[in-house]
Amino acid sequence: MKVEKLAEIIGSDFYTGVPDSQLKALCNYLMNTYGIDPEHHMIAANEGNCAALAAGYHLATGKIPVVYMQNSGEGNIVNPAASLLNDRVYAIPVVFIIGWRGEPGIHDEPQHIYQGEVTVKLLEDMDIAAFIIGKDTTDDEVAEKMEEFRNILASGKAAAFVIRRGALSYDEKTEYQNNHTMLREEIIKHIIAVSGEDPVISTTGRASRELFEARAANHQPHKYDFLTVGSMGHSSSIALGIALHKSRQKIWCIDGDGAVLMHMGSMAVTGAYKPNNLIHIVINNEAHETVGGMPTVADTADLAAVARACGYPYTAKVNSYEELDKELKTAKEGNQLCFIEAACGIGAREDLGRPTTTALDNKVSFMNYLVSAD
């Protein structure tokens, strides 16, 4: 189905969401049509944030907004869907467009398997009517379902289109770039050159894949690393939990700007506890690159200043490998909570692989290493 036709059938002029590779056609269409424009299109920090923005739009205009997201984001909308949008509370109508990762019977990464199994059930549990769009779904079928949805929306309830892999198409090209010169994979190589045998927790997406391949290229074991393949935005909290209970070990967290923005409150918690053995590095390419490259708001946010305001005693922002190496060495030799923001360009190798070990194997080897290194 052409994404332009889906947009025409829905008939909304306001979209907010968190990008998803399964919805790349929609994301690119929105960027080419509206760009980032508070009148028509906003990329939010997390899916709950989107639901609240959509509610505000409806309250201000009386119109029906659209919220797009990957199905992994359903957990972030449970609270606003149940206690804000629901027809027994404020009865705020919203159309959700949800990319269905981990659909049963379709091979996908481990973090998507269970989420894929419960995607439609979660919507049913939240009293959100759902319709699945696949490659063979016709425009007329979608239009007919949208007419049914209009009655549901008129009663103050939400409705959702669940998008199977490859169901949406868009012919125009969209390119995303910034002016930064460092590359994420090289930044990661610099980090592990300094961290040595210290434990490393890496964030969701390409960062963990690049870390895995960097270890392999160095003929190093993977036991040093916990690869956070799911739960976007929580790697720094995982690292905090480890740092507080392994106080004699230096703990490194490789994070991303999209992940930090998604659950930024965790930085305040980290700053409050101030573990002197934690080094929090945010590779900021100002983009949701793993799922297509759409921008984050990290181009206008000073993350190092946020960290300082949250109580991190040492913060730095670097724009070159020379500055990065200097700050990594300072953090390694220091005895305080550190935050390093590394400005990064957009781009990854086309032949970038995926971890060849299972998530469970990763957990076991990492836990065993934490014990042996104590």
Side-chain angles (χ1 to χ4, degrees), residues 6-7 9-20 23 26 30 34 37-101 114-133 142 144-163 230-234 237 258 261-266 268-269 297:
L6 176 61
I9 290 170
I10 293 173
S12 175
D13 65 355
F14 180 78
Y15 290 75
T16 180
V18 176
D20 170 36
L23 300 178
L26 174 65
L30 292 173
Y34 302 119
D37 173 9
E39 291 286 325
H40 300 290
H41 178 224
M42 297 176 66
I43 299 175
N46 63 55
E47 294 81 3
N49 182 196
C50 296
L53 282 168
Y57 169 83
H58 175 75
L59 291 172
T61 67
K63 298 179 182 179
I64 296 173
V66 177
V67 170
Y68 63 88
M69 61 184 181
Q70 186 182 113
N71 55 341
S72 61
E74 284 185 333
N76 284 335
I77 67 162
V78 169
N79 177 264
S83 63
L84 174 65
L85 308 180
N86 189 270
D87 62 315
R88 284 181 279 178
V89 190
Y90 292 108
I92 296 175
V94 171
V95 173
F96 290 100
I97 301 178
I98 301 172
W100 196 357
R101 295 295 302 270
Y114 181 70
Q115 182 70 57
E117 292 174 358
V118 300
T119 291
V120 176
K121 185 178 185 302
L122 280 174
L123 293 171
E124 293 172 351
D125 290 344
M126 290 186 286
D127 196 23
I128 297 175
F131 179 73
I132 298 168
I133 297 177
V142 176
E144 182 179 345
K145 181 55 63 172
M146 188 62 206
E147 286 306 309
E148 293 179 22
F149 280 175
R150 293 194 195 286
N151 293 328
I152 293 171
L153 295 162
S155 68
K157 293 187 176 184
F161 289 107
V162 179
I163 311 299
S231 61
M232 181 176 169
H234 293 301
S237 295
L261 292 168
M262 185 163 279
H263 297 294
M264 191 178 280
S266 62
V269 176
V297 294

Where P93 and L153 come nearest, the two heavy atoms and their spacing:
CB-O, 3.4 Å
Got F131 and M146 here, is their nearest side-chain heavy-atom distance under 4.5 Å?
no
Contact between N76 and H263 at the side-chain level, heavy atoms closer than 4.5 Å - yes or no?
yes
Residues passing the salt bridge (charged side-chain N to carboxylate O under 4.0 Å, His left out) test with D13, sequence neighbours excluded, are K63
Here the pair of heavy atoms bringing A130 nearest to L123 is CB-CD1, 3.9 Å
Taking the side chain as every heavy atom from C-beta outward, state whether I77 and F96 have any atom pair closer than 4.5 Å.
yes
Smallest separation among heavy atoms of A54 and V94, with atom names
CB-CG2, 4.1 Å
Interatomic distance, CD1@I64 vs CZ@F14, rounded to 0.5 Å, equals 14.0 Å
Step by step, would you call V18 with M232 a side-chain contact (heavy atoms from CB on, under 4.5 Å)?
CA-CA 11 Å; V18 176; M232 181 176 169; 5.6 Å; no
Determine whether P19 and I43 make a side-chain contact, defined as any pair of heavy atoms from C-beta on separated by less than 4.5 Å.
yes
Salt bridge (charged side-chain N to carboxylate O under 4.0 Å, His left out) involving D127 - partner list, sequence neighbours excluded:
K157
For a quick test of reading the model, state the closest non-hydrogen atom pair linking I97 to Y15 and the distance between them.
CD1-CE2, 4.4 Å
Test your reading of the model: is there a side-chain donor-acceptor pair from T16 to the backbone of C50, 3.5 Å cut-off?
no
When rounded to the nearest 0.5 Å, the distance separating CD1 of I163 from CG of L23 is 6.5 Å
Do R101 and T119 touch side chain to side chain, with heavy atoms closer than 4.5 Å?
no
Return the CD1 to CD1 distance between I98 and I128, rounded to the nearest 0.5 Å.
6.5 Å
Using the test salt bridge (charged side-chain N to carboxylate O under 4.0 Å, His left out), find all partners of E147 that sit at least two apart in sequence or belong to another chain.
R150
V89 and A82: which non-hydrogen atoms are nearest, and at how many Å?
CG2-O, 3.7 Å
So Y34 and H40, would you call those rings parallel, tilted or perpendicular, with 30° and 60° as cut-offs?
parallel
Which value, rounded to the nearest 0.5 Å, describes the distance between Y68 atom OH and L26 atom CG?
7.0 Å
I'd like to know whether K145 forms a salt bridge (Lys or Arg N to Asp or Glu O under 4.0 Å) with E148, so could you lay out the CA-CA distance, the side-chain angles of the two residues, the decisive distance to 0.1 Å, and finally the verdict.
CA-CA 5 Å; K145 181 55 63 172; E148 293 179 22; 2.9 Å; yes
Taking only residues two or more places apart in sequence or in another chain, which ones pass side chain to side chain donor-acceptor pair (under 3.5 Å) with E144?
none
Atom of L85, atom of A51 and distance for their closest heavy-atom approach
CD2-O, 4.1 Å
Partners meeting side chain to side chain donor-acceptor pair (under 3.5 Å) with Q70 (sequence neighbours left out)
D20, S72
In chain order, what residues pass the side chain to side chain contact (heavy atoms under 4.5 Å, CB included) check against A129, with sequence neighbours excluded?
F149, I152
Flag the pair M69 / E74 as yes when at least one side-chain heavy-atom distance between them is below 4.5 Å, and no otherwise.
yes
